[in-house]
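Because the structure is predicted, anything quoted here is derived from the model rather than measured.
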Amino acid sequence: MTPKSIAVWVLVALVGAAGWTVLALSRGEEVSAAWMLAAALGSYAIGYRFYARFIAHRVLKVDKTRATPAERLDNGVDFHPTDRRVLFGHHFAAVAGAGPLVGPVLAAQMGYLPGTIWIVAGVIFAGAVQDMVTLFFSTRRDGRSLGQMARDEIGPVGGAAALVAVFAIMIILLAVLALVIVNALAHSPWGVFSIGMTIPIALFMGFYLRVLRPGRVTEVSVIGVVLLLLAIVAGGWVAESSLASTFTLEKETLIIWMVAYGFVASVLPVWMLLAPRDYLSTFMKIGTIAMLALGVVIAMPTLRMPSVTEFASRGDGPVFAGSMFPFVFITIACGALSGFHALVSSGTTPKMIQKETQVRVIGYGSMLTESFVAVMAMICATIIEPGLFFAVNSPAGVVGTTVQSASQAVADFGFAVSPEYLAQAAKDVEESSLLSRTGGAPTFALGMSEIFSAVVGGAGMKAFWYHFAIMFEALFILTTLDAGTRVGRFMLQDTLGNVHKSFKDVSWKPGVWLASALVVGAWGYFLWVGVKDPLGGINQLFPLFGIANQLLAAVALAVCTTLLVKSGRLKWAWVTGVPLAWDVAVTLTASYQKIFSDDVKVGFFAQRDKYREGIEAGQVLKPAKNMDEMHTIVTNATVDGVLSALFALLILIVLLDALRTCVKAVRNPASATLSEVPWTESKIVAPAGLIATREERAELAAAGLESGGGRVKEPVA
């Protein structure tokens with residue numbers, strides 16, 4: 001490093017350190033949200049420049065001369081070498097769903113500091129590491145899914161447990177994400193029109209890059225962004241026109257369209273719809289978050305939530321029950337550490353990556369970007385009045401249905417908010433009420449409207465920015481659903497391929513169609529029942545979402561750690577082994593409490609016993625409205641408790657089998673066999689990062705290639 005670069009990185013480190021110092025030591029005085037930005041951005045820069053580089057080059061030893069499966073198996077459908085800028089957009093859009101927008105908002109009930117520390121430290125040392133290392137090992141195995149890698153590398157027992165657990169958890173995650181989208185888009189003509197228009201725009205972009213102007217990523221990006229902005233503006237016009245009724249859809253209709261879209265997106269060539277649509281949505285996602293960060297710098301809003309609330313120690317918060325450990329680390333998954341990401345990193349992305357050297361920017365870099373989204377969500381949740389936060393995020397059974405009852409309930413929490421303030425807050429965003437708008441999304445929209453209106457338009461623009469944020473969140477989540485369905489198809493084909501070899505060929509049309517239909521049918525069924533029955537379908541499984549996602553991360557980190565040991569990298573196994581140990585401690589503690597806790601707000605079986613006693617006494621307890629719903633709640637609590645125990649057991653089997661495999665490999669290195677495909681020389685030249693270095697530009701010029709890189713007739717030294 002030159003003296004100039006050393007000075008720059010010292011300055012970056014000092015900015016980040018100053019941010020953390022202010023956040024950690026401030027007690028009682030006003031703290032600007034800009035300090036949270038400084039702490040996060042400084043930490044991300046240091047983590048990417050030094051830690052990610054260390055892992056890529058010292059631990060994984062990425063090899064730019066080695067052909068990836070996208071190059072060797074290119075079939076124009078699932079395997080397709082993709083410009084790293086487009087692939088970054090696809091990967092980021094696929095992993096950045098509801099989690100980074102919702103989890104931090106809910107965790108804000110503990111204060112702004114615990115969640116922020118976990119978001120930033122978690123992503124640098126756990127989440128981004130998991131994503132990058134999983135992507136690397138899957139790329140060296142022809143893009144095998146996480147469950148199949150577990151079966152190939154750990155053994156048949158642990159592998160079988162992983163296959164079952166991973167696929168079951170995957171369906172729950174997809175159904176939960178779909179439910180959030182349905183709730184956001186129902187009766188919203190603006191959102192339905194604007195998001196629907198991203199499909200033809202993406203198809204145009206796909207054909208533009210593939211047929212009309214191959215490799216012209218900058219051109220198609222400009223065209224796509226312009227069309228996207230027009231679609232957003234036109235959505236507002238449609239909502240005020242006679243066409244509004246056409247695009248005002250019921251929840252059941254939305255489900256049918258979403259299932260159909262999920263199937264089509266899963267079977268069409270990846271370059272045609274999935275990749276360009278995700279890339280397109282990334283412009284809006286990152287653009288909006290960047291503008292939000294700029295708004296924070298300009299408006300300098302104050303963090304109104306305390307750094308740590310009393311709920312962190314008491315564990316009786318109205319938003320969710322449970323102590324800070326382990327439940328903050330379960331509530332905040334995406335943005336810090338999320339098992340779902342490992343499915344994408346071993347699903348679509350390894351089949352599209354041009355060079356091994358790109359795993360750093362796509363795996364680690366995308367996760368850092370998502371983490372920044374989570375930081376912005378935390379800011380949005382903590383700059384509004386705490387009283388408003390708790391009135392919005394507490395269930396109706398806690399705060400009641402009137403602003404007077406909500407004001408009194410919030411006062412009992414230790415925060416003051418007047419009925420007039422609650423009524424005015426709803427009026428400002430043109431909502432009849434903001435009480436009990438649980439789930440996190442409305443709170444994020446409120447925070448975003450506060451920041452944007454302070455910069456552009458004043459209070460009169462709050463309603464516009466609030467509804468823009470709601471549509472933005474729906475777009476954010478939908479891109480995860482289509483990519484997740486395709487990943488589910490890969491996973492199911494890998495699993496069925498153990499029985500019928502034809503399924504292992506992801507280009508085999510009958511296998512593609514059957515697996516896609518089964519995946520969309522599974523999450524579509526739980527979604528349909530959940531919409532029709534407030535206590536059924538995915539609503540029944542929703543309480544499993546957080547723990548199931550983090551148990552999935554344990555599988556991914558266990559597979560990565562096993563592969564590091566088996567491939568002779570024992571001295572570096574701590575890179576994934578330490579976050580694995582932390583994740584196991586968190587998730588198994590949470591699982592134990594959800595199964596055995598006597599607190600009815602935490603333990604599934606405790607809740608079952610409470611409602612069973614109510615049935616025996618002839619009482620109807622909230623939220624049940626009649627005796628039939630009492631019986632349904634008993635059934636749901638029992639199912640959730642049993643599934644929690646089953647998932648924990650399956651993960652323990654995976655971990656024990658992985659430990660057995662690692663011990664065997666350490667004792668007898670010669671016995672360690674890997675399913676890694678043989679080295680093949682790459683004939684693709686492409687930069688490793690989003691911006692080509694001077695050496696990479698020279699290499700591209702020598703090969704006669706554009707900035708996106710591509711295949712050359714002869715290898716370039």
Side-chain angles (χ1 to χ4, degrees), residues 77-78 90 93-94 97-98 167-189 191-203 246-270 272-278 281 340 343-344 347-348 471 473-493 495-496 506 509-534 536-542 545:
V77 179
D78 295 315
H90 159 73
F167 187 74
I169 292 171
M170 175 79 169
I171 296 301
I172 293 174
L173 300 184
L174 290 175
V176 169
L177 293 172
L179 181 64
V180 177
I181 298 169
V182 168
N183 290 335
L185 292 184
H187 308 291
S188 174
V192 169
F193 176 84
S194 298
I195 291 175
M197 285 302 297
T198 62
I199 297 174
I201 294 173
L203 288 169
T246 303
F247 292 94
T248 302
L249 304 182
E250 298 294 329
K251 290 183 177 181
E252 292 83 357
T253 307
L254 277 169
I255 292 173
I256 295 172
W257 280 110
M258 285 168 56
V259 167
Y261 170 73
F263 178 83
V264 172
S266 178
V267 301
L268 282 181
V270 70
M272 187 182 296
L273 176 59
L274 188 67
R277 188 185 178 285
D278 288 351
S281 70
F340 178 79
L343 303 182
V344 179
T348 55
M471 188 207 67
E473 290 173 294
L475 175 64
F476 221 100
I477 301 163
L478 187 58
T479 52
T480 302
L481 187 66
D482 53 18
T485 299
R486 197 179 191 98
V487 170
R489 189 253 286 181
F490 292 146
M491 193 185 310
L492 186 56
Q493 284 190 263
T495 303
L496 295 176
V506 294
K509 290 294 191 292
V512 169
W513 296 333
L514 176 61
S516 297
L518 290 174
V519 172
V520 297
W523 65 253
Y525 166 77
F526 286 113
L527 178 61
W528 180 271
V529 176
V531 165
K532 302 292 284 187
D533 180 3
I538 193 53
N539 297 308
Q540 180 186 49
L541 303 175
F542 194 92
F545 178 82

(request) Identify the two heavy atoms, one from Pro276 and one from Val270, that lie closest to each other, and give their separation to 0.1 Å. (result) CD-O, 3.8 Å
(request) Using side chain to side chain contact (heavy atoms under 4.5 Å, CB included) as the criterion, list what pairs up with Thr348, not counting sequence neighbours. (result) His90, Leu274, Val344, Met352, Arg486, Val487, Phe490
(message) For the OG1 atom of Thr248 and the CZ atom of Phe193, what is their distance to the nearest 0.5 Å?
(response) 13.0 Å
(request) Among Val520, Leu514, Asp78, find the one that has a side-chain contact (heavy atoms from CB on, under 4.5 Å) with Arg489. (result) Asp78
(message) Once rounded to the nearest 0.5 Å, what's the spacing between atom CG of Leu174 and atom CZ of Phe340?
(response) 5.5 Å
(message) Checking Phe545 now: which residues fulfil ring-ring contact (aromatic ring centres under 6.0 Å, His included) with it, not counting sequence neighbours?
(response) none
(request) Not counting sequence neighbours, which residues clear ring-ring contact (aromatic ring centres under 6.0 Å, His included) with Phe526? List them please. (result) none
(message) With a 3.5 Å distance limit and no angle check, can you tell me whether Ser516 reaches the backbone of Trp513 through a side-chain donor-acceptor pair?
(response) no
(request) Tell me, please, which residues at least two apart from Ile172 pass side chain to side chain contact (heavy atoms under 4.5 Å, CB included). (result) Val176, Ile538, Leu541, Leu544, Phe647
(message) What's the separation between atom CG in Leu527 and atom CG in Asn539, rounded to the nearest 0.5 Å?
(response) 9.0 Å
Do any side-chain atoms of residues 250-263 form donor-acceptor pairs under 3.5 angstrom with protein atoms, and if so which ones, sequence neighbours left out?
{"residue": "Lys251", "atom": "NZ", "partner": "Asn183", "partner atom": "OD1", "Å": "3.2"}
{"residue": "Tyr261", "atom": "OH", "partner": "Arg277", "partner atom": "NE", "Å": "3.4"}
{"residue": "Tyr261", "atom": "OH", "partner": "Asp482", "partner atom": "OD2", "Å": "2.6"}

(request) Can you measure from CG (Leu268) to CG (Leu203) and round to the nearest 0.5 angstrom? (result) 7.5 Å
(request) Apply side chain to side chain contact (heavy atoms under 4.5 Å, CB included) to Ala522 and list each qualifying residue two or more places apart in sequence or on a separate chain. (result) Ile171
(request) Given side chain to side chain contact (heavy atoms under 4.5 Å, CB included), test Val512 with Gln493 step by step and report yes or no. (result) CA-CA 8 Å; Val512 169; Gln493 284 190 263; 4.1 Å; yes
